[in-house]
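Whatever order the structure lists them in is the order used to number ligands and atoms, beginning at 1. Residue numbers run from 1 in the order of the sequence given.
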Amino acid sequence: WGFRSSQANAGRRETCMEPLFRIQRVTKIYPMGEIEVVALREIDLELPQHELAVLLGPSGSGKSTLLHLLGGLDRPTLGSVFFHSTDLARLSNAELTQYRRHRVGFVFQFYNLIAGLTARENVELVTELIDDPMRAEEALDRVGLGDRMDHFPSQLSGGEQQRVAIARAIVKRPEVLLCDEPTGALDVATGIQVLEVIEQVHRDIGTSVVVITHNAVIADMAHRVIHLSSGRVADVRCNEHRTTAQELVW
Ligand code: ADP
């Protein structure tokens, strides 16, 4: 697993095991008037390429803050967030926008679809912004919505809307898919369907995936499980055997 073990191997192997993200002594402080909220405290973490990682931890432990730093939605107060060899903390605002636009797909708990546009049009909005996107139809096929492309969000179930959001995230062929509580608003069966789609994207397109969840059961489908507690990494565990989304029970 991962970078540390690959360092024992010489030459090319080491290069191809370069981590996707390397977080070095990252602290994030939110100023709140007179007081400061320390959301992350001197975190060190490596996330290898092509893995499916799960971030677990109680509410307020810093999961969303960490995901936002990985996605270039915010910057650390101190420390470095390397994406390959680029320190995101040192990029200009324009460069950070380019990074978000071309390299990262985001999926949130609430789907943020535009109500007046069909599924296909919601996905096409993204394709207009970038070079070499997937066709909107292919992205919607991949999430199992090939026959619902011309439906409006109000004509789709919650799980289907989340799958449109995933299609919108993957249509740009992102290197990493960042998901913040993607099943948080869904019932169990629908949540599992959405996780199956995320698993399939990871497998078929080779996208690295980071998923925030409150639900410890979901960790069984990950390669790597990172526990956050009070803004620190409390534990990192690698699953020797992963459970498929379909086999998860909660
Ligand atoms: P989690 O995702 O694990 O629930 P967060 O990363 O959202 O945790 O929050 C970590 C801490 O930072 C919490 O104490 C939260 O209240 C605080 N926090 C998060 N975002 C902001 C913000 N924009 N302004 C001020 N405090 C924030």
Please classify the T65 to ligand 1 contact at 4.0 Å (heavy-atom distances, strictly less than): side chain, backbone, both or neither.
both

Do we see a donor-acceptor contact under 3.5 Å between the side chains of T118 and D150?
no

Consider every N or O of G60 and every N or O of ligand 1, then say whether any pair is closer than 3.5 Å.
yes

List the closest protein heavy-atom neighbour of atom 7 (O) of ligand 1: residue, atom name, distance to the nearest 0.1 Å.
S64 CB, 3.7 Å

Distance-only side-chain donor-acceptor flag, H84 / E175, under 3.5 Å:
yes

Scan side-chain atoms only and decide if Y99 and T86 contain a donor-acceptor pair under the 3.5 Å cut-off.
no

Should the heavy atoms of other residues, nucleotides or ligands under 6.0 Å from CD of E138 be counted, would the total exceed 12?
yes

I need the atoms of ligand 1 closer than 4.0 Å to a non-hydrogen atom of P58, numbered in the order shown.
3 (O)

Under 3.5 Å, N or O to N or O, is G62 touching ligand 1 that way?
yes

Enumerated ligand 1 atoms positioned under 4.0 Å from heavy atoms of S61:
1 (P), 3 (O), 8 (O)

Check whether Q162 reaches the backbone of P182 with its side chain - one donor and one acceptor, N or O, closer than 3.5 Å.
yes

Flag the pair F21 / F82 as yes when their ring centroid distance falls below 6.0 Å, and as no otherwise.
no

What are the atoms of ligand 1, with element, lying closer than 4.0 Å to any heavy atom of K63?
1 (P), 2 (O), 3 (O), 4 (O), 6 (O), 8 (O)

Any protein heavy atom under 4.0 Å from atom 14 (O) of ligand 1?
yes

Any side-chain donor paired with an acceptor under 3.5 Å for R237 and N239?
yes

Go through ligand 1 atom by atom and flag the ones less than 4.0 Å from a non-hydrogen atom of V37.
12 (O), 14 (O), 17 (C)

Atom 25 (C) of ligand 1 protein-contacted (non-hydrogen atom, under 4.0 angstrom):
yes

Please list, in number order, the atoms of ligand 1 under 4.0 Å from a heavy atom of A39.
10 (C), 11 (C), 12 (O)

Among all protein heavy atoms in this structure, tell me which lies nearest to atom 27 (C) of ligand 1, with the distance rounded to 0.1 Å.
Y30 CD1, 3.3 Å

Give a yes-or-no answer on whether the side chains of Q193 and T190 include a donor-acceptor pair shorter than 3.5 Å.
no

